[in-house]
Amino acid sequence: MVRRRLLPVAALVVLLSLSGCLGLLGGGSVPADRLDAEPRGGSYAWNESVDDDLDAHITVHDDASFSAVYAVNGSEIELFRRDGLGGTNPLDVRAVRYRYPNGTVINGTQLRQRGAVDQTRDVVRIELPGEGDVDGDRVAFSAGSTPKRFTLPTYVRGSYEVVLPPNRRTSLPVFGDVSPAPTATSTDADGRLHIRWDDVQSRSVIVQFYLPQDVQIFGAVFALFFAVGGGGLLYYRRQIEALRERREEMGLDVDTDGDDLGDDGPPPGMR
């Protein structure tokens, strides 16, 4: 009886959650240890972002993570990933930093004190401090990615640059892909591929990449599969030929095409 009474309550909670009425579920503050964690390499690419006048500069690391610097043209930025149902999930941000136009950098805790860093069940919302020239401010953060595939919504529109780990490539179809089509690509002295867009207006930036040895390994596996398959087929054909010769030697070979019925046609009972 108690279980029957609880079922309608549970169903109501689920409906409210799906409709957004319980939007605070999964929300709250991002922990301070995540906000103030050290970024990969100890710093962000502030200079690259400013000197090249980029709206977004993203460095993909070889440990399936990335570091990003965004020029924010408003009072806030919302960070999220899209799910397969048309909704969004908050991005697992860490090592949050904020840079004033004069070059002063503050950590995530200080940013939360002067602005806001809040997480709901849909997004992480960063409100910028109400100081300085907002158009020149920049926000940086780190988050997890996917091995050999970087994809992220375009939180801001404009010029982008994505820098891949050393020796990664995107030019070979099936193994590599870049969407939208880039304006230019180049490789630096460390073997890192730089992908540049002058004006990104799409919903997401997607870069699928590979190591040259991945292609070699795939080619070796494919060659081995072809060799094993070809050898198996040849063995199978030889077995069939051997069986046919054995049947002929035993006088069991029967022509099924009707040639042995003679010129007079089938017996009377078969007409």
Side-chain angles (χ1 to χ4, degrees), residues 23-24 26-61 63-82 88-145 150-163 194-197 199-201 203-205:
L24 294 179
S29 299
V30 179
D33 59 343
R34 280 175 50 192
L35 284 178
D36 299 339
E38 283 297 315
R40 178 76 178 268
S43 63
Y44 286 107
W46 302 111
N47 293 335
E48 290 85 340
S49 175
V50 174
D51 295 345
D52 294 339
D53 195 24
L54 293 169
D55 293 297
H57 184 281
I58 300 167
T59 302
V60 182
H61 306 296
D63 62 349
S65 67
F66 70 91
S67 302
V69 178
Y70 283 87
V72 182
N73 296 322
S75 60
E76 66 179 28
I77 183 172
E78 293 184 345
L79 309 177
F80 58 88
R81 289 192 186 276
R82 295 186 178 91
T88 62
N89 296 314
L91 191 69
D92 60 331
V93 297
R94 59 183 179 272
V96 179
R97 300 292 187 272
Y98 176 78
R99 185 180 188 271
Y100 288 97
N102 62 8
T104 301
V105 177
I106 61 175
N107 62 24
T109 299
Q110 294 170 322
L111 173 58
R112 182 160 57 190
Q113 294 171 349
R114 303 180 188 185
V117 182
D118 296 319
Q119 178 175 313
T120 71
R121 66 185 182 91
D122 299 315
V123 301
V124 171
R125 182 176 294 105
I126 298 177
E127 295 183 7
L128 307 184
E131 307 173 19
D133 181 11
V134 174
D135 290 338
D137 294 354
R138 279 172 167 77
V139 173
F141 58 87
S142 300
S145 184
F150 170 81
T151 176
L152 202 66
T154 49
Y155 305 128
V156 301
R157 304 298 174 97
S159 56
Y160 273 64
E161 184 175 56
V162 172
V163 183
H194 294 242
I195 306 171
R196 178 73 178 260
W197 297 264
D199 187 18
V200 174
Q201 296 295 323
R203 296 182 65 203
S204 300
V205 168

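- Interatomic distance, CG of Leu128 versus CG of Leu111, reported as 7.0 Å (0.5 Å rounding).
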Q. Given His57 and Glu48, is the side chain to side chain donor-acceptor pair (under 3.5 Å) satisfied, shown in steps?
A. CA-CA 8 Å; His57 184 281; Glu48 290 85 340; 5.5 Å; no

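- For the pair Ile195/Glu161, no side-chain contact is recorded, criterion being any heavy-atom separation below 4.5 Å from C-beta on.
- Across every non-hydrogen atom of Arg112 and Val117, the tightest pair is CD-O, 3.8 Å.
- No donor-acceptor pair closer than 3.5 Å links the side chain of Ser145 to the backbone N or O of Phe150.
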**Q.** side chain to side chain donor-acceptor pair (under 3.5 Å) evaluation trace for Asp63 with Ser65
**A.** CA-CA 6 Å; Asp63 62 349; Ser65 67; 2.6 Å; yes

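- When side chains are defined from C-beta on, Arg99 counts as touching Val50, because their heavy atoms get closer than 4.5 Å.
- Here the CZ atom belonging to Arg81 is positioned 10.0 Å from the CG atom belonging to Asn89, to the nearest 0.5 angstrom.
- Interatomic distance, Arg203 CZ to Arg82 CZ, rounded to the nearest 0.5 Å: 4.0 Å.
- Note on Arg94 versus Asp33: no salt bridge recorded, every NZ/NE/NH1/NH2 to OD/OE distance being 4.0 Å or above.
- Here the closest heavy-atom approach between residue Ala71 and residue Val156 is recorded as O-CG1, 4.0 Å.
- Between Ser43 and Pro39, the closest heavy-atom pair is N-CG, 3.7 Å.
- Of all heavy-atom pairs spanning Gln119 and Arg34, the tightest one is OE1-NH2, 4.1 Å.
- Between Arg97 and Asp36, the closest heavy-atom pair is NH2-O, 3.5 Å.
- Inter-residue side-chain proximity for Thr104 and Tyr98 is flagged as unmet; no heavy-atom pair is nearer than 4.5 Å.
- Considering CG of Asp118 and CD of Glu76, their distance stands at 10.0 Å, rounded to 0.5 Å.
- The aromatic rings of Phe141 and Tyr70 sit parallel to each other, their planes meeting at less than 30°, with 60° as the upper class boundary.
- When every heavy atom of Val163 is checked against every heavy atom of His194, the shortest pair comes out as CG2-ND1, 3.5 Å.
- Side-chain atoms of Thr59 and Phe66, non-hydrogen and from C-beta on, never get closer than 4.5 Å to each other.
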Q. Between Glu127 and Ser75, does a side chain to side chain contact (heavy atoms under 4.5 Å, CB included) hold up when you go through it step by step?
A. CA-CA 6 Å; Glu127 295 183 7; Ser75 60; over 6 Å; no

Q: Go through the steps for Leu35 and Asn107 under the test side chain to side chain contact (heavy atoms under 4.5 Å, CB included), then give the verdict.
A: CA-CA 7 Å; Leu35 284 178; Asn107 62 24; over 6 Å; no

Q) Going through the checks in order, is the ring pair (Phe, Tyr, Trp, His ring centres under 6.0 Å) test met by Tyr155 and Phe80? A) CA-CA 9 Å; Tyr155 305 128; Phe80 58 88; 5.5 Å; yes

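- With hydrogens and angles ignored, the 3.5 Å screen pairs no side-chain donor or acceptor of Asp122 with any backbone N or O of Pro90.
- Checked against Val205 for a side chain to side chain contact (heavy atoms under 4.5 Å, CB included), the options Ile58, Thr154, Thr151, Leu152 give a single hit: Thr154.
- Going from atom CG of Leu54 over to atom OH of Tyr160 covers 10.5 Å, rounded to the nearest 0.5 Å.
- Atom OG of Ser142 is separated from atom OH of Tyr44 by 3.0 Å, given to the nearest 0.5 angstrom.
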